[in-house]
Amino acid sequence: MNEFKDMLTVSKPDLPDFDRYVAALRDIWELRHVTNRGKYHGAFEERLAGYLGTDHLSLTCNGTIALEVALRALEVTGEVITTPFTFAATAHAIHSVGCTPVFCDIDPETMCLDPARIEALITPETSAIMPVHVYGRPCNLAAIEDVARVHGLKVIYDAAHAFGVRLPDGESLLAQGDISILSLHATKVFNTVEGGAVIARDEGVKVRVERLLNFGLDHSGLVVEPGTNGKMGELSAAWGVLLLDDIDEAIAHRGRVAARYRERLSKVAGLTLPAPMPGVIPNHIYFPVLVEQDYLGGASGVQAGLVDNDILARRYFYPLISNIDSYASLPSAAPEKLPVANTIAEKVLCLPIYSTLALDDVDRICDHITAGALQGVARTATWGR
Ligand SMILES: *Cc1c(COP(=O)(O)O)cnc(C)c1O
């Protein structure tokens, strides 16, 4: 599979149409308005909000700044309860604004924050909950909102994976909590190369968010508070506008890839595929598989076997962020307090999925995963690195 190595390595070659992008570039050249809310920024912000079905959406330079600005806009201080089963940026954003992440174990079904375990972690210092819709799988929204309301906590959803996901009632998963944030990084289901968005529940919060994204400047250009630079420029916004035209087909193809993986792998003993969530319209951003330790040497063994065939599968999210040195000494980070997250992190492997992955290649990837198992112990020895 040598010819696929690069494609698999960049994980998704989702680019806008080249000629249309060049035409947009020429337009930007002529307008000479290259950042600070230009024509493409305005068009993209409006179209993205329309596509996602959200109000009060503000574009950002990336998802991490979106998280930091969300925390600042809601004046979150002290402790923030969050999940360890996520990308590093979630905990880092909490840390960057001077707060302490408090890790809470996850629910084995959703793989998101377990609402039943939140209450025990609340202290007088707690001011917010930052759950993650991991793999675009919705958190238990109602239970999280309940705990937050009872204890007067803000809820900021890290919805970096949740582009386009709809709840069973058709509502956007991105319109939840006090704020939800989105990442539009190149590795996500929809991208602007680097980029993100903050989606606020109300207009007042949106105004504050936009001030913080622009150095704390108000509409008259006066600095009214300390802010950062979180703006999206015109080159990224133009990329986003063009790519939005193709996103439905891109997600539909990912759905076909996911269905093929499911068909090929769901009955393989030793592999567990997380069940689709009833009624949810997914975006197929990742295809996670839980690999038992005795199946070809577990997640690391299967990953090594695939790499030997030039197929890049990633261990999202291993190791758990709570286990890295900077956070491991926090009382909430102790592995015995996070048994579900630690177990799932050990077993999980995300198989290649992107909008141009051919179904024949999905079959070849599955052949590599299952052929090894059929040949038993001898094969385990070579795969188990
Ligand atoms: C990608 C990601 C982020 C960070 O987004 P960037 O746009 O890369 O800064 C935050 N949280 C999660 C869960 C992510 O996967």
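Counting convention: from 1, in listed order, for ligands and their atoms alike.
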A.B. asks: Looking only at side-chain N and O atoms, does Glu68 offer a donor or acceptor that is under 3.5 Å from a partner on Thr228?
C.D. replies: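 Result is no, nothing qualifies.
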A.B. asks: Show the atoms of ligand 1 that are less than 4.0 angstrom away from any heavy atom in Ser183.
C.D. replies: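 Checking each atom against Ser183, I get 1 (C), 5 (O), 6 (P), 7 (O), 8 (O).
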A.B. asks: Give a yes or no on whether Asp325 atom CG has more than 12 heavy-atom contacts from other residues, nucleotides or ligands under 6.0 Å away.
C.D. replies: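 Not more than 12 within 6.0 Å, no.
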A.B. asks: Just jot down the ligand 1 atoms closer than 4.0 angstrom to any heavy atom of Gly195, in number order.
C.D. replies: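 Per the distance check, 7 (O).
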A.B. asks: Taking the side chain from Thr82 and the backbone from Met130, do they hold a donor-acceptor pair closer than 3.5 Å?
C.D. replies: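 The answer is yes, because a donor-acceptor pair under 3.5 Å joins these two groups.
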A.B. asks: For atom 11 (N) of ligand 1, what is the closest protein heavy atom, and at what distance to 0.1 Å?
C.D. replies: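 Ranked first by proximity to atom 11 (N) of ligand 1 is Asp158 OD2, 2.7 Å.
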A.B. asks: Which is it for Glu234 and His41 under the side chain to side chain donor-acceptor pair (under 3.5 Å) test, yes or no, and what are the steps along the way?
C.D. replies: CA-CA 6 Å; Glu234 288 292 273; His41 187 286; 5.8 Å; no
A.B. asks: Are Ile181 and Phe317 in one and the same hydrophobic cluster, where Ile, Leu, Val, Met, Phe, Trp and Tyr link if side-chain heavy atoms are under 4.5 Å apart?
C.D. replies: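 Hydrophobic grouping puts Ile181 apart from Phe317.
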A.B. asks: Could you work out, with side-chain hydrogen bond (donor to acceptor under 3.5 Å, both in side chains) as the rule, every residue matching Glu346, not counting sequence neighbours?
C.D. replies: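 Per chain and number, Glu346 pairs via side-chain hydrogen bond (donor to acceptor under 3.5 Å, both in side chains) with no residue.
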A.B. asks: Can you pull out the closest protein heavy atom to atom 9 (O) of ligand 1? Residue, atom name and distance to 0.1 Å, please.
C.D. replies: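 Looking only at protein heavy atoms, the one closest to atom 9 (O) of ligand 1 is Thr64 OG1, 2.6 Å.
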A.B. asks: Atoms of ligand 1 less than 4.0 Å from Lys188 heavy atoms?
C.D. replies: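 Close to Lys188: 1 (C), 2 (C), 14 (C), 15 (O).
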A.B. asks: Heavy atom under 4.0 Å from ligand 1: found in Thr86's side chain, backbone, both, or neither?
C.D. replies: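 Thr86 to ligand 1: side-chain contact only, backbone stays beyond 4.0 Å.
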A.B. asks: List every atom of ligand 1 that sits less than 4.0 Å from any heavy atom of Ala89, numbering the atoms from 1 in the order shown and giving each element.
C.D. replies: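 In order of numbering, the contacting atoms are 3 (C), 4 (C), 10 (C).
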A.B. asks: When you look for heavy atoms under 4.0 Å from ligand 1, do you find them on the side chain of Glu194, its backbone, both, or neither?
C.D. replies: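 Neither part.
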A.B. asks: Tell me which protein heavy atom sits closest to atom 15 (O) of ligand 1, plus the residue, atom name and distance to 0.1 Å.
C.D. replies: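 I find the closest protein heavy atom is His161 NE2, 2.7 Å.
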A.B. asks: Are the aromatic rings of His92 and Tyr327 close, with centres under 6.0 Å apart?
C.D. replies: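 His92 vs Tyr327: aromatic centres under 6.0 Å.
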A.B. asks: Using a 4.0 Å cutoff against the non-hydrogen atoms of Asn62, which atoms of ligand 1 qualify?
C.D. replies: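 Taking each heavy atom of Asn62 in turn, ligand 1 has 7 (O), 9 (O) under 4.0 Å.
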